[in-house]
Amino acid sequence: MTGASLLPAGRAGRPVVMGVVNVTPDSFSDGGEWFRPDDAVAHGRDLSAQGADVLDIGGESTRPGAERPSEAEELRRVLPVVEALSAVAPVSIDTMRASVAAAALDAGASIVNDVSGGHADPEMAHLVAERGVPFVAMHWRGHSKHMQERARYDDVVADVCRELVAGVEMLLAAGIAPEQVVLDPGFGFSKLAHHNWELLRRLDEVRALGYPVLVGTSRKKFLGLVGREGREERPPLDRDVATAVTTAHALVHGAWGVRVHDVVAAVDALDVAVALTGVRR
Ligand code: PMM
C-alpha cells in the first residue's frame with residue numbers, strides 16, 4: 001500500500017535546505033560550538049530564520065575516528081534541543097540508535113536521518129515503519145572508528161548504488177513505505193576525496209534509483225583539499241564557498257535536499273542556480 005509522502009518540500013523552487021545543529025563536543029566542523037542546549041536552540045532558530053526548511057539535530061559526531069557517546073549521553077544532548085526546535089521548524093533527528101530516534105519523535109521530531117541507513121541498529125527500520133515517518137538512509141560501511149579503512153571500490157558510484165538498493169530492500173521488508181525513503185550517497189563516509197568527486201559528478205545515477213536524494217557535502221574534508229596541492233588543507237570553517245558550489249550542483253542534478261552548516265550561503269547559491277539555469281525542484 002502506498003500513501004502520501006510526508007517529506008517536506010523546499011521553498012521558491014529550491015531543494016529542501018536542512019540546517020545542521022550538532023549538539024556535540026567533537027564534530028569536525030563545529031564541534032563544541034553548540035554543545036550547550038541553549039546555544040544549540042539559539043543556533044537552530046537562526047538557521048530557521050535564514051531559510052532552513054528542516055533542522056537536523058545530532059548528538060553523535062561521525063567524523064573519522066570518533067568514539068561513540070553512550071545512549072544516555074546522546075539522549076541528554078539532543079532531547080531538550082529537539083523539543084525546543086520542533087516548535088520552530090520541522091526537525092530531523094540525526095541518530096543511528098532506534099531508542100534515540102523514538103524519544104526524539106516523541107519530543108516532536110518528524111524525520112529520522114540515520115547515517116547508517118538502518119544498519120547500525122536492527123531496531124531502527126521497525127521503529128521507522130511503525131511510526132510512518134520519512135527516513136533518510138545514507139550509504140554506510142561501518143562506524144567512524146574504522147570507516148576510512150573501508151574506502152575501497154571497483155566503481156564507487158555503481159558500488160554505492162548497489163549497496164543503497166540492498167539497504168532499501170531491507171527497509172521495505174521491515175515495512176517502511178517507499179515514499180518515505182530518502183537516499184544519501186554519504187559523502188566522506190568510507191570515501192576518499194576522489195570517490196566523493198566521482199559521486200557528485202555522477203549524482204544522476206544515484207537519482208536514477210528513483211528515490212529523493214539528499215546531498216551532504218557541507219565543509220567536508222575533500223572540499224578543503226581541492227586546489228591545495230603542497231599546502232595545508234583549508235580548515236572546515238573556510239569551506240562554505242566550496243560547499244555552496246556543490247549545493248548549486250546538487251540542485252541542477254535533481255537533489256531533493258542539501259544538508260548544510262551555512263544556510264545563508266546555501267539559500268543564496270540555490271537562488272543563483274535557479275536564476276542561472278532555470279532548473280527548479
Ligand atoms: N554527514 C554528517 C552527519 N550526518 N547525515 C546525512 N544524511 N548525510 C551526511 O552527509 C551527514 C549526516 C557529518 O557531518 P557533520 O559532523 O558536520 O554533521
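Whatever order the structure lists ligands and atoms in, that order sets their numbers, starting from 1. Bear in mind that the values here come from a model prediction, so they are computed numbers and not experimental data. Side chains are part of it too, since the values below use all heavy atoms of this structure and drop only hydrogens, waters and symmetry mates.
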Would you mind checking which non-hydrogen protein atom is closest to [atom], with the distance to 0.1 Å?
atom: atom 5 (N) of ligand 1; answer: N113 ND2, 3.1 Å
atom: atom 10 (O) of ligand 1; answer: K220 NZ, 2.7 Å
atom: atom 17 (O) of ligand 1; answer: H261 NE2, 2.7 Å
atom: atom 13 (C) of ligand 1; answer: T62 OG1, 3.5 Å
atom: atom 3 (C) of ligand 1; answer: R259 NH2, 3.2 Å

* Asked: After noting the C-alpha distance and the side-chain angles of R207 and D204, does the key distance pass the salt bridge (charged side-chain N to carboxylate O under 4.0 Å, His left out) rule?
  -> CA-CA 5 Å; R207 271 287 293 129; D204 294 347; over 6 Å; no
* **Polar contact flag for D56 and ligand 1 (N/O pairs, less than 3.5 Å)** =>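 No - when backbone and side-chain N and O of D56 are compared with those of ligand 1, no distance drops under 3.5 Å.
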* Where on L214 is there a heavy atom closer than 4.0 Å to ligand 1, on the side chain, on the backbone, on both, or on neither? ->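 L214 to ligand 1: side-chain contact only, backbone stays beyond 4.0 Å.
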* So which of V258, D184, D94, V215 gets nearest to atom 6 (C) of ligand 1, if we judge by its closest heavy atom? -> D184
* Using the side-chain hydrogen bond (donor to acceptor under 3.5 Å, both in side chains) rule, collect all pairs that involve residues 96-105, keeping only residues at least two apart or in two chains. =>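 Listed by first then second residue: E71-S99, E74-R97.
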* **Proximal atoms of ligand 1 relative to N22 (non-hydrogen, under 4.0 Å)** => 15 (P), 16 (O), 17 (O), 18 (O)
* Asked: Which word best sums up how the rings of F222 and F187 line up, parallel for under 30°, tilted for 30 to 60°, or perpendicular for over 60°?
  ->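 Rings of F222 and F187: parallel, as their planes differ by under 30°.
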